[in-house]
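Before any comments, here is the structure.
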Amino acid sequence: MSEIENKTEHGSMDGATAGTAGDPKNDTGLGLGVIFFIVAFLICFLSGWLLFPKLLYSKHEQPFNFDHVLHVEETGDCESCHYLREDGTFSGIPKTESCLDCHTDEPMGDTKDEAIFAAEYVAKEQEVPWYVYARQPDCVFFSHAAHINAAGMDCKSCHGPIEETRTSRHYEENRLTGYSRDIWGKNIWGIKKNPWDRMKMNDCAVCHEKETGHKGYCFQCHK
Amino acid sequence: MIHDKKAHKYGMVIDLDKCTGCGTCAVSCMSENNVPFKEDESDKKDSITWMRVYRLTNNKPFPDTEVAFLPRPCQHCGGKGDHGHSPCVSVCPATATDYGYDTGIVSQIYTRCFGCRYCMAACPYHARYFNWWDPVWPEGMEKYLSPNVSPRMRGVVEKCSFCYHRYQLAREKAYASGSDEIPEADYQTACTTACPAGAIVFGDLNNPSHKVHQIVKPDPHPDPLNPDVVGKSRNPKVFRLLERLGTNPKVYYMSEREWVRKLGDHYLDGEWDKVKNVYGSASHE
Amino acid sequence: MKVDRRSFLGLGIGAVAGIAISPVGAKLTDDFSIWTQNWPWTPVPPDGEVSYDRTVCHLCPGACGISVRKIDGRPVKIEGLDPYPVNNGGVCLHGIAGLQYLYDPSRVKSPMKKVNNRFVPISWDDAFTMVAARLGELRNDQNPETLACISGSDQGSVPGLFKHFMAAFGSPNYLTMPDLESWLIRTAKTLHGDAYTLGFDIDHSDFILSFGAGLIDGWGSPVACIQAMGTRRQRESTLVQIEPRLSNTAASADRWIPINPGTEADLAMGMCAVLLKENLFDPGFAQGFSGGFMRFTAMVQKEYPLDKVAGITGISASDIQKTAVAFAKAKMPVALPGKGRGEGAQNLKEFAAIHTLNCLSGNVNKQGGTFVKPLPKYLNFPDPVQDTVALKGAGSAPLAGSVQELVTRIDKSGESPVKALLVYNANPCFALNDPSRIRAAFEKIPFKVCVTSFMDETAMASDVILPVSTFMERMEDVPSKAGLAATVVGLSKPMVKPVFNTRSPGDVVIGIARALGGDMAKSFAWNSYDACLEQVTARIWGPLVRKGHVVLSKNLPAGSVKTDFGFLAENPETVKPAGALEFTLIPIDNFRVPPTVPAPSPFAIKIVSDRILKGTDMFVEINPQSAKNLKDGGFATLTTPAGSVPVRVHFNDGIMPGVIGMVKGLGHTLDNRYVSGKGVNVNTLISPKIEPDSGMDAAFCIKAGISKA
C-alpha cells in the first residue's frame, strides 16, 4: 500500500470518528446539509435569474436626454431625421450638421439637454457620441431599404414606438461581447414580446421564413 | 422574396490574352476587401490574396518560350450538376460557407468559421486562405478600412466573395429607386473595374443581355460526356479550370492560345486531342 | 447541530444546482462564443455616407485621373476616374495603394534635423530659419552657384518654383532625375531643336516596333499604355518587341526578337540603313531633313551593314531586314525607345537612332505616329528678382548635365564644388547606379536639404528633412508627359487633411525663400502655394478648377518640323557594358515594383512573385541553358565589376542565354519593415558610365559572373 493510500484511509477514518455526521443516531448533519443545499440553491438560482442579468450588462447614460415626442411634433415623422440616402443606404442617427437645419448654437428651448447640445456639440462642431441601442455587430449587413421599400414595413414594426419616448433610457452593454442588450435580448427568460426585445440572427430568420418562405442565405445579411 | 424571382448566376470571364499580369486586380481586391498584409508575404501559402495572379509558361526552351498570366479569384463553384454542392460548402461542419441559390455566389462567414480548414483541403483551386495571425495594420493605417467588408480575425478562413458587398449596395440602390432589377453596371467586382487592360468581364451568366453571357454562351444542358458538367461554354476559346471535375466554376477563362487552354486541366496523353474541339453539349450545337 | 462536511457538500451542490437551472451557464457560453467571434481588438471600420471625390495621381509620370471613395469624408478606396483623357477609368496597383502611402510607416512626420547622426524633430519655423541661414551664407560669400538642386521631374508648377528659386538665388545647377520625359526632351532637342518633346500615338498605330519599351511593364503613362495594349488585337495592330528577355510586354507581343543587351542603338542604326538603302523612307517628310542627312545616309550604309549589325545584336540579318521593311511598309508605324520603364540609365544614341526610324517612316505628326510636340507652356512665372549676386551666379556655367556627372565632379574634387544641395521628390541615393558612390559624394556636400514625404535613403543622407504632404493631401497641377500623345494638365486636390505635420512642397519653397528675406522674398510674394498656383496657371485656372483637367493639345501638332541628323551622322560610340565577365546583368523593370520615388507599398511588395523575392533573398533569372552547375532555386554569388552579392537562382527559359536578369527597385533600407531589407538593389551592382554626348549615365547593363554559393 502506498503512502498516499495510507494517508487517505487514515484521513477518512479520522473524519468518520471525529464528525457527527456519521453517527446514525444523530441525523441533524444531513438536515443541516439539506438546509444548506436549499439556501445555496435559492441564492444561486435567484441571483442567476435576477442578479446575473444586472451584472452582465454595464449601464451607460446617453450624452444628454433626447425627447423624441418633441421632435416628432416638430418634424412630423421619423424620415425627416432618419432617412434613406439617395444610394439606398440608411443615414442612421443624424450628424450634428443635419441638426443645424433647425438648431443653432443658441438653444431654441430652455431644456438643460438642449443647452448641453448647443454648447458641447454645435459650438464645438463635434458629433454627439450617442449609444446606439440597435447597432448590430460588424459582421452584419442590414438593409433598411429592403425592409422599408421592398417589404413595406414601417419603423415601428422593428424599433417600437420610439416616437413616444420623452427620455433616453440607459444603454446597456454586454460586458463580454460589447453589444447592446436590445440586440442580445432584454429578457433573460428568453421571452420576446415585441420584435424590438431581441434582434439576434435567429429572430431575423424566423421572420424571414414566415414572410418570404426562406431563412435567406448567409450573404443576405452578412458581410 | 428569394424564390419568386429568377435566380441570378453571377460569373466572370477573364481574357488571358489581354491580361498583362500587372497585379492591379489583386491590389484592388485587397484594398476593397480590407485584406491585411504582414512583414513577410513571400511564403505564398500563407499570403492572403483573394485574387492571385499565376504565371503560366509553355515550358519550351529559348527562344520559343511563351508566358501568360492567369488571375484566380474564388471560382464560386456550383458543384456537381450545378446543384450548389460546391466542394467547400459540402465539407463545412459549421455552415460558415453556403451557396447562394439566388446569386450563385459562395459565401464565407468569418464569425461562423472556427478554422478547421476542411474547405481549404476541399478546394481544388487554392482559393481559400487561413488567417494564421490577427491582422495588424501599421499605426493609423486602419483608417483606410472600408466599412462594407468585415475585417477578419485570427483563426478563420477567408476568400473572394465576388465583392458581395457591392451586390448588397447595388440591391439597396435598386430598392431605393423602386426597381427590381440590378443593372449590369451597378454590380461589378473591384477587380473588374480596376483591370487596366479590360481583361475581366463580370455579370449575370443567366442574363442574355449581359456581356459575360454573350462571351461565354453557357450551355444550359449537361455535357453528354459528363453529366456533372453544366454550363460549359459554347465559345471555342473559353474554358474553365479543371472543368472535368464537375465543380462547375463560374469563372471562365478565354485565350486564343491552345497551350494556355490546355493548362486549364491535367490531360493524359491523347486526352486533349479528344476534348479540345468539344464546346458545349453536342446536342445543342 | 454542527456544521460539518456534509453541510458544506449540501451548500456546494445547492449552489451548482441553483446556477445550473439559472441562465448563467447558457448565457455565458453564448456570450463567450460571441466574444471569440469578434475580438475587441479587431478593428471595426466606422460606417457613414459614401461620397466620391476626383483628383489626379502623381505617384508616377502617368498622371491618371482617380476617383476617391470616402465614408463620411474618410478615404477608403482609390479607383480610376472615368472619363479622364489619360486613363479613362483605368488605374494601376500603385495608384490604388495610394492610401497606404498616406499612413506609410516611413512617412516623415515633422521637420527634422540631423544632430550627431540622428534625426530630431524641429518646428517648421526653426527649419526654415536654419535652412535660410545656411543658404544665406552662400549668397553672403558671393557663391550662390554652389547651391545645387535635384528634382524628380522638370514639369509642373512645383519644379517650376524650384527653378524660380534657383534663378532668384543665383545658381544654374538645377538637375532632374533621368526619367523617360527627360530622355524624350533630350532626343527631341538633338533631332528637332529646343523645347520639344515626343509623344507616341500607340492608341492608333498599326505597327509598334518597341526597342524594349515595357508597354505593359510600366513604360510611359502605364495605364494608358496597358489600355492601348488591351485593345491592340481588336485594332489589328502589330507589336514587335525587341529585348533580351521575355518581359510581360514581349510575352503579349505578336513577335519577340531577343537582342544582345545594350545593342539596341546599333540595331536601330542598322534598320535605318535598310530603309535608306531600299528607299523605303518618306520623301515628303525628308524635305524637312537638314543637317547632315546625306552624311548620315553614307555613314549608316558604311558602318551598319546588315551582317555587321546581325553580329553585334545577335539577330539574324534576314530578321532585321524583314522587320525594318515591315515597319516601313506599315500604314501607321511607330518605333518606341526607352528600355523597361524608359528611365534611369539609357542612352541618347539609342533614343536618337530609334526616333530616326520614326522620322524616316514619315509617320511624324500624323495619326498613329510620333508627335513632335512643343513642350506645354501653360505656366507663367513672373521674372525672378535677381540681385547682382544672383545675376553673377546664375550666369556661371552649370557644373554638370546630370546627377551622375555632378557626383563625378564632386568625387574628383578635393573639396566639393557644391556647398549646399536641395533634393525634391527624388531618391538618387537609391535609384541611380552605384548608390554608394552617390552617398559618398553627398557626404562631401556640407549641407543637404531633402524635401520629401518619406524617410528614404536620400532623406537619411541629408542634414535637414522638410516633410511634404503626399498627393492625397495637397493641391498641385499635374501635366501629362512620358510619351503620351495628348497633353493634359490635371489638378490634384487634397482628399484628406495632412495626416502629419507636413506642408505642400510649393509652400516649402516659398517658406525657405521668405526666410532668406531680401530680394529672394520679393521673388516669392505669394501668401501660399495655392495662391501661386492660381496665378501662374491663370490662363487655364478657371477650367482647371471647374473640370479638374484641361486638355492642352489633343490634335496633331501643327506645322512641319525640321530634322537634324548632325548628331548621328558623327556615329557616336555605343556605350558598351563594362567588364569582361561571361554574363551580362540587366535590370528588369517589373510593374509591381516601383523603381524610384516612392518606395513600394506593402500591397505592391505583397504581390511580388516568390521567384523574385523569398523572405529577404533576391532571385536572379538565368536561362537553364547557360546555368552550368547552378540549381533552380539554389544559392549563388553574383559578381560584377561594381560588387558582389548573394542571390538565388531562378531558371527562366524566357531570358537569353548569357544574360542574368535582376528586378530593379528592391533592397530598400528605409524605415518600413514591410518594404525594407528585402532583396538587393540592382543599382549597387552597376557602375555608371557617362555617355560623352549627353553627359548622362548610360550604363544600362554590366558584365557579370555567377557561381554556386
Side-chain angles (χ1 to χ4, degrees), chain A residues 78-79 82-93 95 127 132 135-155 158 174 176-179 183-184 199-202 204-223, chain B residues 1-5 7-8 10 32-34 76 84 89 92 94-113 145-153 156 158-180 182 186:
Chain A
C78 308
E79 288 80 18
H82 312 286
Y83 52 89
L84 285 180
R85 301 190 190 105
E86 231 170 87
D87 62 1
T89 57
F90 182 62
S91 66
I93 291 185
K95 301 259 171 220
E127 296 301 335
V132 186
R135 175 154 296 156
Q136 288 284 346
D138 186 46
C139 57
V140 176
F141 167 81
F142 181 84
S143 169
H144 277 89
H147 292 86
I148 301 168
N149 288 15
M153 294 162 76
D154 59 5
C155 310
C158 298
N174 188 304
L176 259 176
T177 63
Y179 296 125
I183 303 295
W184 245 228
M199 297 184 191
K200 291 184 80 169
M201 186 169 86
N202 204 42
C204 301
V206 166
C207 187
H208 271 240
E209 183 134 47
K210 198 173 102 201
E211 299 294 331
T212 71
H214 195 275
K215 280 181 179 178
Y217 306 109
C218 298
F219 261 167
Q220 198 169 345
C221 317
H222 279 287
K223 63 181 170 100
Chain B
M1 194 65 61
I2 289 168
H3 291 297
D4 57 2
K5 273 192 222 144
H8 303 290
Y10 285 102
E32 179 80 20
N33 292 297
N34 297 336
H76 293 278
V89 172
C92 180
T95 329
T97 177
D98 78 343
Y99 186 84
Y101 288 89
D102 52 343
T103 54
I105 291 174
V106 176
S107 70
Q108 177 68 21
I109 310 302
Y110 319 118
T111 45
R112 187 124 189 153
C113 172
L145 295 180
S146 157
N148 297 332
V149 184
S150 219
R152 279 71 66 189
M153 60 295 292
V156 303
E158 62 181 81
K159 67 161 192 82
C160 154
S161 66
F162 266 174
C163 285
Y164 199 87
H165 59 284
R166 290 187 171 210
Y167 177 71
Q168 289 168 337
L169 293 175
R171 208 172 46 171
E172 286 214 308
K173 193 176 158 192
Y175 284 142
S177 62
S179 149
D180 271 354
I182 293 173
D186 277 15

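Lettering of chains follows the sequences in order, A, B, ..., and the numbering in each one begins at 1.
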Which value, rounded to the nearest 0.5 Å, describes the distance between [X] atom [atom1] and [Y] atom [atom2]?
| X | Y | atom1 | atom2 | result |
| --- | --- | --- | --- | --- |
| I109(B) | M201(A) | CD1 | CE | 9.0 Å |
| Y175(B) | H147(A) | OH | NE2 | 9.0 Å |
| K223(A) | N33(B) | NZ | CG | 11.5 Å |

- Is it the case that more than 12 heavy atoms not belonging to E209(A) sit under 6.0 Å from its CD atom? yes
- Message: Looking at R135(A), I want to see if its CZ is surrounded by more than 12 non-hydrogen atoms of other residues, nucleotides or ligands under 6.0 Å.
- Response: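 Not more than 12 within 6.0 Å, no.
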Using side-chain heavy atoms (C-beta onward) and a distance below 4.5 Å, is [X] in contact with [Y]?
| X | Y | answer |
| --- | --- | --- |
| F219(A) | V106(B) | no |
| S107(B) | Y217(A) | no |
| R171(B) | Q220(A) | yes |

- Message: For the backbone of H222(A) and the side chain of Q168(B), can you confirm whether one donor and one acceptor N or O come within less than 3.5 Å of each other?
- Response: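 Checking the backbone N and O of H222(A) against the side chain of Q168(B), a donor-acceptor pair under 3.5 Å is found.
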- Task: Counting only heavy atoms closer than 4.5 Å, note whether H208(A) contacts chain B via side chain, backbone, both or neither.
- Result: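 Neither; nothing under 4.5 Å.
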- Item | Side chain / backbone / both / neither for Y167(B) at chain A, heavy atoms under 4.5 Å | neither
- Residue S161(B) versus chain A: region with a heavy atom under 4.5 Å: both
- Task: Pick whichever of P147(B), G100(B), S177(B) has the most heavy-atom pairs under 4.5 Å with chain A.
- Result: G100(B)
- What residue in A146(A), P137(A), C218(A) has the most heavy-atom pairs under 4.5 Å with chain B? C218(A)
- Message: Out of T89(A), V140(A), I148(A), return the one with the most heavy atom pairs under 4.5 angstrom to chain B.
- Response: T89(A)
- Item | Closest approach of S143(A) to E172(B) (non-hydrogen atoms, all atoms of both residues) |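 Shortest heavy-atom contact: OG-OE2, 2.8 Å.
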